[in-house]
Trainee: 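Handing you this structure, nothing more for now.
Each chain gets a letter, A, B and so on, in the order the sequences are listed, and its residues count up from 1.
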Amino acid sequence: MRWSNLFIPTLRDAPAEAEAVSHQLLVRGGFIRQLQSGHYSMLPLGWKIHKKVSAIIREEMDAIGGQEFLLPAMHPADLWQKSGRWETMGEEMFRFVDRKGADQALGMTHEEVFASLGTEITSYRHLPQIWYQIQTKFRDEPRPKSGLLRVREFAMKDSYSFDIDDEGLNTSFDLHHGAYVQIFSRLGLDAFPVEASSGAMGGSASVEFMVESDAGEDDVARCLSCGYSANVERASTALIPIENRSSGDEPESFPTPDVRTIAALAELGHSPEHQIKTLVYVVDGELTLILLRGDHPFLEQKFIDITGAGDLRPATGEEIRSALGASPGSLGAVGVTNLPIYVDLALQNRSGMATGANTDDVHYSGVDVQRDINVTKWVDVRAILEGEPCTNCGDPITITRCIEAGHIFKLGRRYAEAMGTTVLDSEGKSQTLTMGSYGIGVERAMAAVAETHHDENGLMWPMSITPYEVVITLLKTDHTESVASAEQIYNELSESGIDVLLDDREERPGVKFADSELIGIPLRVTIGPRGLENGIAELNTRSNNQQTEISLDSVVGEVTNLVTEGRSKSS
RNA sequence: CGGGUAGUGGCGCAGAUUGGUAGCGCGCCUCGUUCGGGGCGAGGAGGUCGUGGGUCAAAUCCCGCCUACCCGACCA
């Protein structure tokens, strides 16, 4: 293509509202424009990348036997009512009523639709199946942010596997794991798998593919020695042993006027690791105590995953007072028998602890958790802290900010059951299928690449997804020889299937150089009178800013080699 | 939803404290000059100052609303 005919609206300044680097550069480079919060238009350059990312995903999905579908984006309410998610998805689902008065939703994901299509799989002989699509998803995010990283409307490759048993599901899951490794590698993304929480989707094994970036929204716990890695939503670490203080025969109360916090109680000689923190939550309508060591933060997601709770919120001051007779700051679980008490594992075998006495301005010391507290269930619900020992090898854990680029998990039979997705097995018995669900966000992947591939001059696309593989920078558009030479190289490269961009604009060289760097084309061939006199062109590599002079007649061959090499290279 | 910030030409911004009919840089158009890293000169086009109300008069002051961004909550 000729730059003079293309719509590439580059900007010298990023819009004030763009904060994330990927957001700034994608807007400045003329790849995207915002229509409203969380909704972006793909301009020609952005759409080219989008298509290349999709193509890579397709190839790798096809390679593991995936079959591509295209499902409706708009769904009838009753489909979602069947799975129960019409209620549980809440405000995140876009809903409206059509002219007939029927409730409708825009699909946030397609478990329901695929599972209902799956009812037409009737025999175990037809298994396994892997079905996928690249479809627009709609989610009414409470806060879209960071450009393409978190939006309300986006393309996602979602695939679903159908198997008759766990063994089959494991195979389908592993196939996807392998495909994802391939996909991210080809995209130039350094993505690594981590154990994840399954969240609202339910299911058992769940692995996220993470790309390290400050622009991300997830924290990942990693052990650099043994390779352990998990989303902090489910990560656990070993405890540094703590020697119990001596306990008497029973807890001893002591006055603590104006002591309302862990820190205040610590000043009275009870350091946080010798305190019990008592949280009061309303869990699915039931008042519940949650106990942690004084210095350990509570992680709601872990609690939800363990208990399967649907609704979780901190109790109000009044609820707490009427149930326990004291206000936050003096709460404790000693002597409480009428409420469920969940206790974090870090409190196992602990004694000599301090905690509130459920009387304002009074605390207990010498509490033995096992002896004095009526534990309903021991649970791991604490947030881990950077530097704590790895459970595997004991080395310190680091916590890294990451972008979630992909998520694969085993759904099990939940959706198949709801939709009646069954087959007959070899003995003629009806069996409910077990499913897996696997997702990659296309625009998020683009943003993640932008986030990790740029310098102060602009983007640096990997050859695999760059909108153009090479740009020919024609320095003087009124210099006949230059034009002829550039045209010839342009034609020859085009004919050999290279994605080539000819910068034939009547602009000053500086503008052309700056623009080509901003939009991140991997290779640049500079044609100008000065070089032509000596029969040479200049070849510039964006990723390392290397510049070499090569003879005019070797340009096509050299560029073709570099492009071919770059396309097949996985990072 | 809670806290914060901001809406003035395509992009970046000034003007507001002291109400009186809008200005700068970049970009855009024309001409000239220049021509290997966003040049220079001259002339031009383009704005209901987010929106509704209050005040003789509002970009400016007051009130309501909308929109966008950031932090938090939330979130396959």
Trainee: Using atom C1' in both nucleotides, what's the gap between rU34(B) and rG9(B) to the nearest angstrom?
Mentor: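 Nearest-Å result for rU34(B) against rG9(B) at atom C1': 29 Å.
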Trainee: Aromatic ring centroids of Phe209(A) and His177(A) under 6.0 Å?
Mentor: yes
Trainee: If we take the C1' atom in both rG44(B) and rG38(B), what is their distance in whole Å?
Mentor: 23 Å
Trainee: Using a cut-off of less than 4.0 Å, is there contact between a side-chain N or O of Arg508(A) and OP1 or OP2 of rU34(B)?
Mentor: no
Trainee: How about Tyr281(A) and Phe298(A): are their ring centroids closer than 6.0 Å?
Mentor: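 Under 6.0 Å, so yes.
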Trainee: Give me the distances for all protein-to-nucleotides 9-11 of chain B N/O pairs that come in under 3.5 Å?
Mentor:
from	atom 1	to	atom 2	distance (Å)
rC11(B)	O2'	Asp13(A)	O	3.0

Trainee: By the 4.0 Å heavy-atom rule, please label Pro142(A) as base, sugar-phosphate, or nothing.
Mentor: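 Base, at least one base atom sits under 4.0 Å.
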Trainee: Which is true for Glu217(A) with a 4.0 Å heavy-atom rule: it touches a base, it touches only sugar-phosphate, or it touches nothing?
Mentor: nothing
Trainee: Pick one: which of Ile290(A), Leu299(A), Leu292(A) meets side chain to side chain contact (heavy atoms under 4.5 Å, CB included) with Asp344(A)?
Mentor: Leu292(A)
Trainee: Under 4.0 Å between a side-chain N/O of Thr473(A) and OP1 or OP2 of rG36(B), yes or no?
Mentor: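 Looking at the OP1 and OP2 atoms of rG36(B), neither is under 4.0 Å from any side-chain N or O of Thr473(A).
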Trainee: Donor-acceptor pair under 3.5 Å: do we get one between Arg524(A)'s side chain and the base of rG37(B)?
Mentor: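 Side chain to base: pair present.
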Trainee: Starting from P on rG12(B), measure out to CD on Glu17(A) and report it in whole angstrom.
Mentor: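 Roughly 6 Å, once rounded to whole Å.
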Trainee: At less than 4.0 Å, is any side-chain N or O atom of Gln547(A) found next to OP1 or OP2 of rG36(B)? Yes or no.
Mentor: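 So the side chain of Gln547(A) is outside the cut-off, no N or O lying under 4.0 Å from OP1 or OP2 of rG36(B).
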Trainee: Just the rounded figure in Å: distance from P of rG38(B) to CG of Leu518(A).
Mentor: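 My rounded result for the distance is 16 Å.
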Trainee: For Glu300(A), report the nucleic acid contact type (base, sugar-phosphate, nothing); a contact means any heavy atom under 4.0 Å.
Mentor: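 Contact class for Glu300(A): sugar-phosphate only.
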Trainee: In whole Å, what is the span from the CD1 atom of Ile8(A) to the P atom of rG27(B)?
Mentor: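 Spelled out: CD1 on Ile8(A) to P on rG27(B) is 18 Å.
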Trainee: I need the Asn545(A) CG to Arg542(A) CZ distance, nearest 0.5 Å.
Mentor: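 Reported value, rounded in 0.5 Å steps: 7.0 Å.
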Trainee: Just the rounded figure in Å: distance from C1' of rA73(B) to OH of Tyr281(A).
Mentor: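 These atoms are roughly 11 Å apart.
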Trainee: Between atom CZ in Phe513(A) and atom C1' in rG39(B), what is the gap in whole Å?
Mentor: 15 Å
Trainee: Would you mind telling me which of Phe114(A), Phe173(A), Trp131(A) makes a ring pair (Phe, Tyr, Trp, His ring centres under 6.0 Å) with Tyr160(A)?
Mentor: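 For Tyr160(A), the ring pair (Phe, Tyr, Trp, His ring centres under 6.0 Å) check succeeds only for Phe114(A).
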Trainee: Need one value for Arg444(A): base, sugar-phosphate or nothing, where a base atom within 4.0 Å counts as base even if backbone is also close, heavy atoms only.
Mentor: nothing
Trainee: Does Ser146(A) reach a base, just sugar-phosphate, or nothing at all? Heavy atoms under 4.0 Å.
Mentor: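 Result for Ser146(A) = sugar-phosphate.
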Trainee: Tell me whether the side-chain N or O atoms of Glu538(A) pair up with the base of rG36(B) as donor and acceptor below 3.5 Å, since no angle test is needed here.
Mentor: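 Flag set: donor-acceptor pair detected.
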Trainee: Do any side-chain nitrogens or oxygens of Lys145(A) fall under 4.0 Å of OP1 or OP2 in rC71(B)?
Mentor: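 Affirmative; the distance criterion is met.
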Trainee: Kindly say whether the aromatic ring centers of Tyr40(A) and His23(A) come within a distance under 6.0 Å.
Mentor: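 Yes: the rings meet the under 6.0 Å criterion.
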Trainee: With P as the reference atom in both, quote the distance from rU8(B) to rA14(B) in angstrom, rounded to an integer.
Mentor: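 Nearest-Å result for rU8(B) against rA14(B) at atom P: 11 Å.
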Trainee: Using the P atoms only, state how far rA42(B) lies from rC24(B), rounded to an integer number of Å.
Mentor: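 Looking at atom P only, rC24(B) and rA42(B) are 13 Å apart.
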Trainee: Does the gap between the ring centers of Trp461(A) and Phe31(A) come in under 6.0 Å?
Mentor: yes
Trainee: Work out how far the P atom of rC70(B) is from that of rG46(B), and round it to whole angstrom.
Mentor: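 Roughly 35 Å separates the two P atoms.
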Trainee: Expressed as a whole number of Å, how far does the C1' atom of rG47(B) sit from that of rG10(B)?
Mentor: 12 Å
Trainee: Taking N and O atoms by type only, does the side chain of Glu517(A) place a donor or acceptor under 3.5 Å from a partner on the base of rG37(B)?
Mentor: yes
Trainee: Round to a whole Å and report the spacing from CD of Glu507(A) to C1' of rC28(B).
Mentor: 11 Å
Trainee: Scan Glu208(A) against the nucleic acid and name what it touches under 4.0 Å (heavy atoms): base, sugar-phosphate only, or nothing.
Mentor: nothing
Trainee: So what does Asp515(A) hit on the nucleic acid, given a heavy-atom distance under 4.0 Å: a base, only sugar-phosphate, or nothing?
Mentor: base
Trainee: In whole Å, what is the span from the CG atom of Leu474(A) to the P atom of rG37(B)?
Mentor: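 Spelled out: CG on Leu474(A) to P on rG37(B) is 15 Å.
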